[in-house]
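Source: prediction; values computed, not measured. Computed from heavy atoms alone, side chains included, the values below leave out hydrogens, waters and symmetry copies. Remember, it's 1-based here, ligands and their atoms both numbered in the order they're listed.
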Amino acid sequence: MKKLVSIVGLFLLLCCAGFSLHAQTIQPREKTISDAVESISSANMYTLVEELVGFHNRNNLSNTTHPTQGIGAAGHFLFEKVSSYIPQSNGRLSVEKVDYTVGGANTRLDRDVHLQNIVATIKGYDATDNRVIALLAHYDNRNGQENDTIRYAPGANDDGSGVACLMEITRILSRIEVPITVKCMFLSGEEHGLYGAQHMAGLAEKEGWNLIAVLNNDMIGNSDASETHTQTNTVIRVFSENIPVVETEEMRKTRVYNSAENDSPSRQLARYVKEVGERYVDNMQVKLIYRNDRFGRGGDHTPFARKGFSAVRICEVNENYDRTHQYVREENGIKYGDEIWAIDFEYVRKNTGVNLASVLNMALAPDVPRNVKLDASGLTNYSEISWEAPSQGKQPDAYYVLIRETDQSQWQKKILVRDTRIKLPYSKDNYFFAVQSVDAEGHESLAVFAEGKR
Ligand SMILES: [Zn+2]
């Protein structure tokens, strides 16, 4: 009887194995990345948020010339803080104040304002590789009223938490040699209409940057939901657009032909953040949200997405509306306002780890394979996928072919391939495929969806 049970058990196991792509995954952590994630300091980030809050009010209409208060002083402080990491960077880190003018009559700003983005550039060492990764956070803020420049507006979480994350990443990356360029952008103008991000996305387009990924961190430190009091610091959301807003008629036809409405480049970036973030940060689940952003609210990744760049928003899973865009006060036992005491710095530390691991893995990986295609010409139960080596930078050691069933969100299987084509015994009708480049240490590039071609 016991033997029969075990035979039945084995049979069931084999049946399941035959019908499912699920397998135990091995996720070796590479030392450069795990050491970097290890070195993230929540104490540093606490101090940074404390200093930001000290500027009293960082409204876009606030004082730009006062030495210790207002958005001008805050921007100058960030510029100085980034500059303090230049000596340890071996000449790779530079920082600039990017000026722009926005507003005017009949806009939400009501008058012209001169604002600044603070941009930290950590230059890659490979001159033959022009890829750029951008991280975004906004340092402007607001209280209960959009144009109130007088009353206290701490903005500790929105978006002091994102600014602290980027500052810590700048500090750590300034000491690590990577082949491609990483830009940490401390943006203004967000609360009045994403102006700072619009300006930078415009520059990226005009100057023809090869911007492969944009990670916007806006509100990553609150772990306690208002009203429902759901609490978690083990889940972070990554928002990504389903169908690219810039989709052309030709892109639309390709998408429909491939049923690829869940495979936009921004969605591939979101999947990448999930895979790599969870690989390197313990006790952390990256939750993909199939939306560009939340209802009725925007974020700095959107101007980049509108220019056709792959861009996602990283945001806490529980929002607290008592603490967002509120005057600091107490009413009926509820504390309102975006103050530092409410921030969960262990959560900020883990979310910074998700960002840092994703950026470093991407920066250390070879460029993506080109002309990735699935042969859709014949009637066969095999799938033939082919691709070409990247056109620039270090060449891959191998490639990963990714497979998932059509009703699954995440890639389920990774096959290491040394060639630039593979014939697999899976029907092309029942699966989606993509290809990544990978180096000898296991750093993989973003995934390129394999489009069916007749
Ligand atoms: Zn914000």
Side-chain angles (χ1 to χ4, degrees), residues 45 48-49 52-53 55-62 71 74-75 78 102 108-109 115-118 134-149 152-167 169 184-201 214-226 236-240 289 291-305 311-328 336-340 342-344 347-348 351-352 355:
M45 293 191 281
L48 198 279
V49 174
L52 266 187
V53 165
F55 294 100
H56 186 71
N57 182 317
R58 311 191 299 276
N59 193 295
N60 291 303
L61 292 159
S62 65
I71 191 163
L78 293 172
V102 286
R108 284 165 67 192
L109 283 158
L115 294 169
Q116 285 182 331
N117 294 325
I118 310 302
L135 289 145
L136 321 176
H138 70 91
Y139 72 94
D140 63 311
N141 79 349
R142 55 167 286 185
N143 51 27
Q145 279 189 23
E146 182 170 87
N147 290 352
D148 182 343
T149 62
Y152 186 39
N157 189 44
D158 185 10
D159 183 25
S161 59
V163 170
C165 161
L166 261 61
M167 190 59 80
I169 287 177
C184 289
M185 302 183 182
F186 303 89
L187 303 172
S188 51
E190 197 270 353
E191 298 290 5
H192 284 91
L194 317 177
Y195 289 121
Q198 266 171 33
H199 185 78
M200 296 314 296
V214 178
L215 306 180
N216 176 32
N217 283 270
D218 196 349
M219 301 201 295
I220 58 165
N222 182 77
S223 56
D224 171 26
S226 52
I236 182 79
R237 292 183 292 180
V238 178
F239 289 83
S240 60
I289 304 292
R291 296 198 149 104
N292 180 55
D293 211 329
R294 296 107 3 108
F295 279 113
R297 284 161 312 152
D300 283 334
H301 58 303
T302 300
F304 286 88
V312 299
R313 179 197 184 116
I314 300 176
C315 187
E316 61 212 17
V317 74
N318 292 320
E319 288 189 60
N320 196 310
Y321 304 110
D322 299 338
R323 298 171 192 160
T324 313
H325 300 182
Q326 292 277 8
Y327 284 114
V328 176
Y336 291 88
D338 189 359
E339 293 190 285
I340 194 168
I343 294 190
D344 179 340
Y347 189 40
V348 181
N351 294 334
T352 303
N355 277 275

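Under the 4.5 Å side-chain criterion, counting only non-hydrogen atoms from C-beta, Glu191 is not in contact with Asn59.
Coordination check, Asp218 versus the Zn ion (ligand 1): passed, since an N/O/S atom of the residue sits under 2.8 Å. Among the backbone and side-chain atoms of Glu191, no N/O/S atom is found under 2.8 Å from the Zn ion (ligand 1).
Between the side chains of Arg323 and Asn157, no donor-acceptor pair is found at a separation under 3.5 Å. Side-chain contact check for His192 and Asn147: at least one donor-acceptor pair (N or O, by modelled atom type) lies under 3.5 Å.
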CA sep, side-chain torsions, deciding dist, call: Asn60, Ile71, side chain to side chain contact (heavy atoms under 4.5 Å, CB included):
CA-CA 6 Å; Asn60 291 303; Ile71 191 163; 3.5 Å; yes
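Atom OD1 is the N, O or S atom of Asp158 at the shortest distance from the Zn ion (ligand 1).
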